[in-house]
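Below is one structure; the comments refer to it alone.
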Protein chains: 2
Amino acid sequence: MAATLADVAARAGVSTATVSRVLNGNYPVSAVTRERVHRALGELDYVVNGPARALAAATSEVIGVIVNDVSDPFFSIQASGTQWEAASADLLAVICNTAGSPSDELKYISMLLRQRVRGVVLTGGSREEPEHLTAITKLIGQALSAGTTVVMCGRPAPPDVDVPCVAFDNEGGSRALTRHVITMGHKRIAYVAGPPGNSTTTARLNGHLKALEEQTIEKSVVLHGDFSRASGFDAGMELADAGYTAIIAGNDLMALGVIAALRQRGIRVPDDISVAGFDDLPAAVDVVPALTTVRLPLDQGARRAGRIASGVEVVTGPTKLWMPAELMVRESVTPPR
Amino acid sequence: MAATLADVAARAGVSTATVSRVLNGNYPVSAVTRERVHRALGELDYVVNGPARALAAATSEVIGVIVNDVSDPFFSIQASGTQWEAASADLLAVICNTAGSPSDELKYISMLLRQRVRGVVLTGGSREEPEHLTAITKLIGQALSAGTTVVMCGRPAPPDVDVPCVAFDNEGGSRALTRHVITMGHKRIAYVAGPPGNSTTTARLNGHLKALEEQTIEKSVVLHGDFSRASGFDAGMELADAGYTAIIAGNDLMALGVIAALRQRGIRVPDDISVAGFDDLPAAVDVVPALTTVRLPLDQGARRAGRIASGVEVVTGPTKLWMPAELMVRESVTPPR
DNA sequence: TTGAAAGCGCTAACAA
DNA sequence: TTGTTAGCGCTTTCAA
């Protein structure tokens, strides 16, 4: 059995209160006593009992991060940034994969709440269904009243929910990208959006549509994928011979899928069809042609969210922290032949 | 303040023990009572206090996963697999990024131990320095005697440490890969290894050297990177004009770096120089030419480790669970001109 | 500067 | 089937 505070106290010939004090360093303890306690601590290989401490102190040394799937680079970059900041604050980070399921999301938030986590970071696009919004609003309310900090990262807070929000400029970035494609001379442009009812999909699609509108380009197709490479591949197959000169995907993963499909069909990118993505994942520079896309400061945003969730940075109320999007012009978009 | 068991008990007009029983369903409770308790539970928005439960039950509902960096796909795939299995067992997964630092690794293991986690999965290559091995052996010993399951995933257990070990066949895979390159007719082969003193580096390098030996190929250069794309790029620059007809990298990320460097130098792959990687990350099929590499069942292995750490699967003692490596022949390796 | 002692919210004997 | 009660290991008043 592991040594307890009482064991250490006995060995050092002091009370448990004193041991607790030297452990936390929040009260004066004489140098000799402290020395004695430290020795006992070492001799017994003492390890604090986190749950006991959390119970007594009514707060744990853990934060939670909700993502769609950590194996997707879009999320793993964010998870990594948040975890890093948590570690700087001596906190542990629990990572939860929802696979985009609203019910899993709710389940995970409850699990985190029950662990009395310090804070929770919600990443990814949020589902826009009213039922889900209601449920999550209630859960966030519970969290808040329990003293748990909640931060949104890359998704809007539900209406009337006062939590800080790290916002990536999805709409602006998307608009800039489509503008760029139009500027290159494209008129027949297909768009492969993310899943419907997702806030990220909506923002990016809106940016795209606004750009089309402002340039009075004939409105063209919008297909929906699910942000996975496979769904991009399917879309690419479908669009291969449809006469478009450019295909803009809602994220890089789908863009890679589109390119793979076109390649399989013997269509050259960008010579025959231009392709653009969104996110600027690391792989964007390794594909040939290098992907024209939009960079989002995912790591930076996630770190900010991590700092807030860890309580290192205090942000009050429904503050929006805007993170800029940056157009990355590379080789996958050229003027149409 | 959140409702406690006592609040629920009072409201339902029963004892806390009864409430606890309906919550855990491990003792008979009459249907009517259960119903009453359930109603009280709902009315009060009751959420179990995890720390309190963990303290009383002497075990938490959390497992830990130690990785180098979740933003690296090699690790994020494993983290995701383990997390998924944890969730199936209704456990939360804490993910820790060590950035390859042995001291961080020790720090995280202690933090996990103090949270009294159910189990810990250690992934990635382990450092082979004796000091570190000693320290980690001690920590694992503490974990084990505290009832925490420890599982190695993709790295060997320290000597004389009896923990189960999901082992990827790094050496065999590497040997098969180099053999393949030799079979294609290459004689001047450079190898870009991972960081020295890392068990994964060593295993893969050994496989490579054995293949050279068995085919009596003149021993050639071995450079060391750190498994990052950037270090692969540097190595590629260094090897570009050194007269090698093939460059084998210790992992895909470095292979991508090598290819990028060669491309920048105007050297064509595979026409001028063949390049191979290891891991078969998702990006391997999107680069042009598609990367010849070795596939490791990372997800599957990590899931297995997750199941063991979660206590779903019981594996006793120092069992080695071998996971096969599979040669993936694609386009980046062709016969030399 | 130190100690005694009362919880924190839950589980699990032990009784009834 | 249900209640009583003694902890689990720590923090934190309150006294000394």
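So you know, we letter chains A, B, ... as the sequences are listed, proteins then strands, and number each from 1. Side-chain atoms are counted along with the backbone in the values below, which use heavy atoms only and exclude waters and symmetry mates. From a predicted model like this one, the values you see are computed outputs, not experimental measurements.
Between A/T4 and D/dG9 there is no side-chain polar atom (N or O) within less than 4.0 angstrom of OP1 or OP2. Distances shown here put a side-chain N or O of A/S30 below 4.0 Å from the OP1 or OP2 atom of C/dT2.
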Inset, instruction - Sugar-phosphate means primed atoms, P, OP1 and OP2; the rest is base. With that split, encode nucleotides 11-16 of chain D 5' to 3' as B, S or - using protein heavy atoms under 4.0 Å. - result: BBB---
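Sorted by first and then second residue, the pairs that involve residues 74-91 of chain B and meet salt bridge (charged side-chain N to carboxylate O under 4.0 Å, His left out), not counting sequence neighbours, are B/E85-B/R303, B/E85-B/R307. Residues in residues 109-122 of chain B take part in these salt bridge (charged side-chain N to carboxylate O under 4.0 Å, His left out) pairs, two or more places apart or across chains: A/E61-B/R114. Sorted by first and then second residue, the side-chain hydrogen bond (donor to acceptor under 3.5 Å, both in side chains) pairs involving residues 70-80 of chain B (not counting sequence neighbours) are A/D69-B/S80, A/N97-B/S80, B/D69-B/S71.
Judged as a side-chain hydrogen bond (donor to acceptor under 3.5 Å, both in side chains), and not counting sequence neighbours, the contacts of B/R11 are B/E43.
Atom C1' of nucleotide C/dT11 and atom CD of B/E61 are separated by 12 Å, given to the nearest angstrom. Atom CZ of B/R36 and atom C1' of D/dT1 are 12 Å apart (whole Å).
Between the side chains of B/S15 and B/T18, a donor-acceptor pair is found at a separation under 3.5 Å.
Of the residues near DNA chain D, B/A31 and B/L55, the one whose nearest nucleotide (by heavy atom distance) lies more toward the 5' end is B/A31. Take the nearest nucleotide of DNA chain D for B/S15 and for A/A6: the residue whose nucleotide is more 5' is B/S15.
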Would you mind writing out the side-chain donor-acceptor pairs for residues 146-163 of chain A within the sub-3.5 Å range, not counting sequence neighbours?
unit_1, atom_1, unit_2, atom_2, d
A/T148, OG1, A/V117, O, 3.1
A/R155, NH1, A/E105, OE1, 3.3
A/R155, NH1, A/T123, O, 3.1
A/R155, NH2, A/E105, OE2, 2.9

